[in-house]
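Note sheet for the following structure.
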Amino acid sequence: MATRAKESKQVNKVRKKLEKVLQEEHSHFNRKALDEVRENIHKWIARHEPERVSTEEKTFTLFDENRHPCEVKSNYVKNLMDNLMHESKEEEKASLLGRVSYRPN
């Protein structure tokens, strides 16, 4: 069974620093801090309530296994999709070149 090599002084020093940082961060997680964060979240939700969309008034459309995906609104994404489709068609043509011949009936 292999034994572990002894850590260098540099690695040992960095490990101790990281342990110290983690202990310091862990000390910030207490009941009071969690209560403050919860209160801030509740305030944020209350402050942004007018911007919320009512689920009773708005209808949602879901994907049906990507047979009818939602329309892409970003021009950047549309261009990427067009480029990918164009590249895949060119690769398909190149891979069939010389192997498939067209014979009209």
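Numbers for residues simply follow the sequence, beginning at 1. Since this is a predicted model, take the numbers as computed values, not measurements. Reckoned from all heavy atoms, side chains included, excluding hydrogens, waters and symmetry mates.
Members clustered with Val14: Leu18, by chain and number, using a 4.5 Å side-chain heavy-atom cutoff among hydrophobic residues.
Using a cutoff of 4.0 Å between basic side-chain nitrogens and carboxylate oxygens, Arg38 and Asp35 are scored as salt-bridged.
Within 6.0 Å of atom NE2 in His28, more than 12 heavy atoms from other residues, nucleotides or ligands are found, so the atom counts as buried in its surroundings. Within 6.0 Å of NE2 on His48 lie more than 12 heavy atoms contributed by other residues, nucleotides or ligands. Within a 6.0 Å sphere centred on NZ of Lys78, heavy atoms belonging to other residues, nucleotides or ligands number more than 12.
Placement of Leu84 and Tyr76 in two distinct hydrophobic clusters is found when ILVMFWY residues are connected by side-chain heavy-atom separations under 4.5 Å, directly or transitively. Cluster annotation: Trp44 and Val37 are assigned to the same hydrophobic cluster (Ile/Leu/Val/Met/Phe/Trp/Tyr, side-chain heavy-atom contacts under 4.5 Å, transitive).
Considering every non-hydrogen atom in both Val72 and Met81, the closest pair reads CG2-SD, 3.7 Å.
Residues Glu36 and Glu39 have side chains not in contact (no heavy-atom distance under 4.5 Å, counting atoms from C-beta outward).
Interatomic distance, CG of Asp82 versus CG of Asn75, reported as 10.0 Å (0.5 Å rounding). Rounding to the nearest 0.5 angstrom, the gap separating the NZ atom in Lys13 from the CZ atom in Arg15 is 15.0 Å.
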Pair Arg52-Glu49, side-chain contact (heavy atoms from CB on, under 4.5 Å): steps then yes or no: CA-CA 5 Å; Arg52 291 168 57 188; Glu49 185 177 5; 4.2 Å; yes
